[in-house]
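What you are looking at is a predicted structure, and each value in this text was computed from that prediction instead of being measured.
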2 protein chains.
Amino acid sequence: MPDESQPQHDSVGAWAKQYYFASRALIEATLREHGIGPTQWYVLHQLVNEGPTTQRELALALKIERATMSGVVSTLVRKGLVAQIPDAADQRQRILSVTAAGRTLWAGLPDPVALATAASFEGVDEADLAVARRVLQAATARLLEHLDS
Amino acid sequence: MPDESQPQHDSVGAWAKQYYFASRALIEATLREHGIGPTQWYVLHQLVNEGPTTQRELALALKIERATMSGVVSTLVRKGLVAQIPDAADQRQRILSVTAAGRTLWAGLPDPVALATAASFEGVDEADLAVARRVLQAATARLLEHLDS
DNA sequence: TGCTAATTGTCTGCTACCGTACAATAATCG
DNA sequence: CGATTATTGTACGGTAGCAGACAATTAGCA
């Protein structure tokens, strides 16, 4: 989604969007030189830190659809970073784990989220951060409520 | 990009992302029943309110790449909502304008951005909104600065 | 046990975004 | 004027996301 139109350009919502795009750009730029995208990074992060899991669990943890996960996983498999093995107990499920190549890549990878957070908020007043967090949290809750009805 | 991993889950950045996704979902849901996407809506909005412009100007205004605009425009042309006419003066440029069908559709369209803003922030304390806006604006500036270097 | 859910992952089709490279066209400078 | 450079839109490949439909498989209930 592109930039806001004029009337909303100064709203918190518009700035949340601006901020999100900027942080996303930084994260993507950080990862691009390593040849992976943000979601691929999140998947590796999860697998490295939580151990092998099913695609279903991974999709739940990262809050993306099974169909999306399916695509991301096949990309990672194609790159040889992740192995996708059918579960012996339940033939429907595929268990994912990081390959040796995946671990090697991971070892040389920065944490793009930590970098972005540091660049964004280091040294900013804690009370202000708390207010911003509260406002965004409440707004998100109201939007989700609105989406249900 | 999916959800944050644990350590950052309570940060302003994480909530900005959550908020962005929720607002995007509401905007997309609002527009889906009319058969267009958010970016298509922004393009129509711009063309209706600013009159015919070149693709270049439109891409600048909406802060998206020429390549992206090219795709969005060809979708709108395919739907018969926008006309793409080569400029007589400069054969490189294509001038975009809303067709009659486009205006008819536009007349029946809600403003999804205004709806989302209202659902998000109506009745929220103005001082808090100002703080949140300031924090996000500053963070965005810091990120963009970081991206330049 | 056997038929009917429900679950899991995939496939197709769509939107949307970027980066790189390219052809066509215009502008500029020697 | 002619060669170089800049601009404009497009093509292609990659990433990421959703919705809906589907086959395979499992679970649950009559």
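- Across all strands shown, D:dT4 forms a Watson-Crick or G-U wobble pair, both distances under 3.5 Å, with C:dA27.
- Distance check, rounded to the nearest 0.5 Å: CG of B:L31 to NE2 of B:H34 gives 7.0 Å.
- Pairs of residues two or more places apart, or lying in two chains, never qualify as ring pair (Phe, Tyr, Trp, His ring centres under 6.0 Å) while including a residue from residues 72-93 of chain B.
- In textbook terms, a nucleotide whose glycosidic angle is within 90° of 0 is syn, while D:dA6, being further out, is anti.
- Applying the ring pair (Phe, Tyr, Trp, His ring centres under 6.0 Å) rule to pairs touching residues 113-134 of chain B yields B:Y19-B:F121, sequence neighbours excluded.
- Both A:T75 and A:D90 lie close to DNA chain D; mapped to their nearest nucleotides by heavy-atom distance, the more 5′-ward contact belongs to A:T75.
- Minimum atom distance to the side chain of B:E65 is reached by C:dC18, of the listed D:dA16, D:dA19, C:dC18.
- Across all strands shown, C:dA5 forms no Watson-Crick or G-U wobble pair with both distances under 3.5 Å.
- You'll find that the side chain of A:Q55 is closest to C:dT10, out of C:dT7, D:dG17, C:dT10.
- Within the nucleic acid shown, B:Q84 comes within 4.0 Å of sugar-phosphate atoms alone, with no base atom in reach, counting heavy atoms only.
- For B:R66, the listed nucleotide lying nearest its side chain is D:dG9; candidates were D:dG9, D:dG17, C:dC18.
- Nearest nucleotide to the B:T39 side chain, out of D:dT10, D:dG17, C:dC17: C:dC17.
- Atoms CH2 (B:W41) and P (C:dA16) sit 13 Å apart, rounded to a whole Å.
- Nearest nucleotide to the B:A67 side chain, out of C:dT7, D:dT8, C:dG19: C:dG19.
- No donor-acceptor contact under 3.5 angstrom links the side chains of B:E57 and B:Q46, judged on distance only.
- In this structure, A:R78 places its CZ atom 10 Å from C1' of D:dT15, rounding to the nearest Å.
- A sub-4.0 Å separation between OP1 or OP2 of C:dA16 and a side-chain N or O of B:T68 is absent.
- Per the geometry, CD belonging to A:E28 stands 8 Å off P belonging to C:dG19, to the nearest Å.
- A straight line from CG of B:D87 to P of D:dT8 spans 11 Å, rounded to a whole angstrom.
- Here the C1' atom of nucleotide C:dG19 and the CG atom of A:L31 are 16 Å apart, to the nearest Å.
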Side chain to side chain contact (heavy atoms under 4.5 Å, CB included) between A:L62 and A:T68, worked out
CA-CA 11 Å; A:L62 302 187; A:T68 303; over 6 Å; no
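- Between A:I27 and A:V113, the closest side-chain pair of non-hydrogen atoms falls below 4.5 Å.
- Between the NZ atom of B:K79 and the C1' atom of C:dG13 there is a distance of 13 Å, rounded to whole Å.
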Checklist entry - What do the steps show when you test A:I36 against A:L109 for side chain to side chain contact (heavy atoms under 4.5 Å, CB included), and what is the final call? => result CA-CA 10 Å; A:I36 65 170; A:L109 239 43; 3.8 Å; yes
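- Counting only heavy atoms from C-beta outward, the side chains of A:T140 and B:F21 never approach each other to under 4.5 Å.
- Looking at the side chain of B:P38, the nearest of the listed nucleotides C:dT15, C:dA16, D:dC18 is C:dA16.
- In this structure, A:L62 places its CG atom 11 Å from P of D:dA16, rounding to the nearest Å.
- Going from atom CG of A:L58 over to atom C1' of D:dA16 covers 15 Å, rounded to whole Å.
- Nearest-nucleotide mapping onto DNA chain C: of A:R32 and B:Q40, the residue sitting toward the 5' end is B:Q40.
- Heavy-atom distances under 4.0 Å link DNA chain C to B:Q91, B:R92 of residues 91-107 of chain B, given in residue order.
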